[in-house]
Amino acid sequence: MSVQTLHFVPSADFHARARAALDDPKLRQSFRGAMDFLQGKRSAQFPDANELEQLRDLGEAVRKHALAHLPDLLVQLERKLTEAGVQVHWAENADEANRIIFGIAQENKARRIIKGKSMASEEIELNHYLAERGIACMESDMGEYIVQMAGEKPSHIVMPAIHKTRADIGELFEQNIPDTPYTEDVDTLIQTGRSALRQAFVDADIGLSGVNFAAADTGTLWLVENEGNGRLSTTVPDIHIAIMGMEKVVAKLEHIVPLASLLTRSATGQAITTYFNLISGPRRPGEKDGPRQLHLVLLDNGRSQAYADEQLRATLQCIRCGACMNHCPVYTRVGGHAYGTTYPGPIGKIISPHLLGLEATADLATASSLCGACAEVCPVRIPIPQLLVRLRGEANRSPDEEVAHPLRGQGAKYSRGERLVWRFWSGAFASPAAYRTFRWAATRLRALAPKQQMGWTDHREPLQPAARSLADLLKARGQPE
Amino acid sequence: MSGPGPRERMLGRLRAASLNAATAKQGSWYLEASGNAREARPGGAGELHGIAPVDARSNLALLDHRIDVHFARRRPQSAAAADPVATMQTALTASHATVWRAASDEWPEQLAQKLSEANIRHLLLDSARTEAAALKAALPAQLKTLDFDRPLEEWKSELFTGVDAGFTVARSGIAATGTLILAPDAGTPRTVSLVPPLHIALVYTSTLHADLHAAVHAERWAEGMPSNLVLVSGPSKTSDIQQTLAYGAHGPRWLWVIIVDDLAGGMR
């Protein structure tokens, strides 16, 4: 499986980018303000701790149930949608998904695509793929529109332009939208964006969207948004293409009710968003608007790797609310771009290794204090810290070791030297004689301890064995070892 | 084409994994982890949690029951159940809509008055509906009404630039969140509530549900969905620029909701 993916930011080198982000006071300030705001909004939505915990139980149960029956639910969803006139496509990887979408565009001689927000399309780098083939994709979500204008990628899955200040955006609009004077007034900026995009909805041949939830029993695609650009993208153009990670299906429409409530409250602290858009098919005879063609692309792209392992499967419970990143002490300081992946923050650290392989993402699992804040706010109880520990293990496992569910890039951080040190260590501790010799040598030769001890001495005093070991001290007090 | 396609390969991988999981021992690592969290929680020993352990293979009926019990239990204590109309009004006002209550014979006059004041000139409505007929009778002459009588593509540009307001009658409402449930049809298609800068919605008090769960059940959504169902809870908005709330991002900038009292006079 060779997937050609172009990343505007390479996903390796987390450390270097994190350092750069930490040195950027403007970025740190915008993140600090944004995260305080989002954390406050979320907690205000859950005044009743008991209700929250019950709802989280339900959310987890719904997602676990859906995952346990995933293949059957996908087949059921496909059948229901097909009956309603939707064309369902299956894509194993990013390249395949891109080719499917390009194929639909070619077949219909489409030149212009207007997009609602879709992280899955970011994941497959769709804009780039289509631009190379002469098809323009325009982001219509205000945050995505801003980052597209800046030639960047989203730094947050719910709030794509969270790293930008209103002054940054004022400058961007002034430089990129004709006849736009500089302003920091948010209302004026939004109205400028609105009128710039208005014509794009009229002109677009294809509207593209993501999917928040899909119900297998009714064949309904459930889209959550505030702006109305999602509704416009899925209603006004003659063709609507929806793309979703294949894990997003649930058994019943009714199961989405608790999930939707958890999603909006966890993400932006809203009891409900302005629009819930429930789409169950293209325009029917007699209807006067809505797309005439509706396509759904079901995307694997590494998800089945997570699915195959009972522990890692919990990764797929995610409903993409972003609460984990809003509460993560690492994310809130370095921002989303440091990760170099489509999905940043705690959830990104556990999902990206499946999408991109551990080779490219081995650093991410180490970028966590394991404080557990992410797991505590996760509306569907994904045990993110435990999964991070597991992925650290997978990255350090020998690449040659045979395991039941090998991960792509297994052993990306494996070090033969480290392995040798540990082997020596365990040997020394397993035999009393060897241990005594080691102890004797360590205390006598303590002056030889290096002054530079890799990362440790960057911020701390070098470690040095004590002059007398604990065993010697005990012996001196007449106590046995 | 030879060999299985992506569909078969994807399903094949998932099925193989399901089989492995089915034969694997129960009580796996992650169930333990989340089980501990549940125990440590305040009030976590309630009987609700005792109903079913979170099990990947928990049965569907049990799951449905748990969801129903959760919402049914909260409902009687909620403001939405005690006074749905007031709750609806408060919630909609909080999300920046203009809301008022009216008797069924007085709203057309009131709305006509407000439309004149707002200087609305082109109003999109469905003349075939009784509500639209009543409104039309009350409107001043300079206010033009038009019907959505052609497919969208025949007048897309005109709709986007030349229509000030769209009038819809909601199928029902959700009190707790101040939500209008719209089921677009041939007379009032999807774009009526979306493209014009002002969206006016009429909702009857008799159609108000306490919450979304109640609406889904009472209206039996699972038995068949229209091609599009839209839940609207306020005018279009965004906080994408430095977390500052702004209205009219793409959809309507203004939302007017008339809650028509059809219960007071014993009409229904």
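In the text below, chain A, chain B and the rest are named by the order of the sequence lines, each starting its count at 1.
Of all the listed residues (B/T244, B/I174, B/V216), the one sharing the greatest number of non-hydrogen pairs under 4.5 Å with chain A is B/T244. With respect to chain A, the highest number of heavy-atom pairs below 4.5 Å among B/L152, B/T179, B/L231 belongs to B/L231. Across B/S193, B/S157, B/A91, the residue that shares the most heavy-atom pairs under 4.5 angstrom with chain A is B/S193. No other option in B/L255, B/L245, B/D149 has as many heavy-atom pairs under 4.5 Å with chain A as B/D149. Of all the listed residues (A/P71, A/A91, A/A84), the one sharing the greatest number of non-hydrogen pairs under 4.5 Å with chain B is A/P71. Comparing A/H405, A/H156, A/E287, A/R56 by how many heavy-atom pairs each has under 4.5 Å with chain B, the most go to A/E287. In terms of heavy-atom pairs under 4.5 angstrom with chain A, the leader among B/K156, B/R9, B/R74, B/H213 is B/R74. Counting heavy-atom pairs under 4.5 Å between each of B/L180, B/L159, B/V195, B/D211 and chain A puts B/V195 at the top.
Heavy-atom distances place no part of A/S195 under 4.5 Å from chain B, backbone and side chain included. For a residue to count as touching a neighbouring chain, one of its non-hydrogen atoms must lie under 4.5 Å from one of that chain's; by this rule A/L52 does not touch chain B. Using a 4.5 Å cut-off between heavy atoms, A/D48 touches chain B through its side chain atoms alone. For A/L74, the part lying near chain B is the side chain, with the backbone staying farther off; criterion is any non-hydrogen pair under 4.5 Å. Heavy-atom distances place no part of B/D185 under 4.5 Å from chain A, backbone and side chain included. Residue contact with chain B, scored on non-hydrogen atoms closer than 4.5 Å, involves the backbone and the side chain of A/L55 alike. Only the side chain of B/F71 comes within less than 4.5 Å of a heavy atom in chain A; its backbone stays farther off. Heavy atoms closer than 4.5 Å to chain B are found nowhere in A/R390, neither backbone nor side chain. Only the backbone of B/P235 comes within contact range of chain A, with at least one heavy atom under 4.5 Å from a heavy atom of that chain. Residue contact with chain B, scored on non-hydrogen atoms closer than 4.5 Å, involves the side chain of A/I169 exclusively. Contact of B/Q243 with chain A is made through backbone and side chain together, with heavy-atom distances under 4.5 Å. Using a 4.5 Å cut-off between heavy atoms, A/E78 contacts chain B through its side chain alone, with no backbone atom that close. Contact of A/Y275 with chain B is made through backbone and side chain together, with heavy-atom distances under 4.5 Å.
With respect to B/R13 and A/E92, a salt bridge is recorded, a charged nitrogen being found less than 4.0 Å from a carboxylate O. Taking the charged nitrogens against the carboxylate oxygens, A/E227 and A/K117 have no contact shorter than 4.0 Å, which rules out a salt bridge. Contact check on B/R66 versus A/E254 returns no salt bridge, with no Lys/Arg side-chain nitrogen under 4.0 Å from an Asp/Glu carboxylate oxygen. In summary, A/R303 and A/E247 engage in a salt bridge, as defined by a charged side-chain N under 4.0 Å from a carboxylate O. Between A/K252 and B/D64, at least one side-chain nitrogen of the basic residue sits less than 4.0 Å from a carboxylate oxygen of the acidic one, meeting the salt-bridge criterion.
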Practice task
Take B/W254 and B/Y247 through the test ring pair (Phe, Tyr, Trp, His ring centres under 6.0 Å) and record every step on the way to the result.
Solution key: CA-CA 8 Å; B/W254 299 279; B/Y247 294 92; over 10 Å; no
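Counting only distance, with no hydrogens or angles, the side chain of B/T188 and the backbone of B/P184 share no donor-acceptor pair below 3.5 Å. A donor-acceptor pair under 3.5 Å is formed between the side chain of A/E225 and the backbone N or O of A/G228. The backbone N or O of A/L67 lies less than 3.5 Å from a partner atom in the side chain of A/Y307, making a donor-acceptor pair. Side chain of B/H250 to backbone of A/S140: a donor-acceptor contact under 3.5 angstrom is found.
Exactly one residue among A/E53, A/E376, A/Q317 makes a side-chain hydrogen bond (donor to acceptor under 3.5 Å, both in side chains) with A/R381. That residue is A/E53. Under the side chain to side chain contact (heavy atoms under 4.5 Å, CB included) rule, B/W221 has a single partner from A/T218, A/L278, A/D217, A/T220, which is A/L278.
When only modelled atom types and interatomic distance are considered, A/N277 and B/N228 share a side-chain donor-acceptor pair under 3.5 Å.
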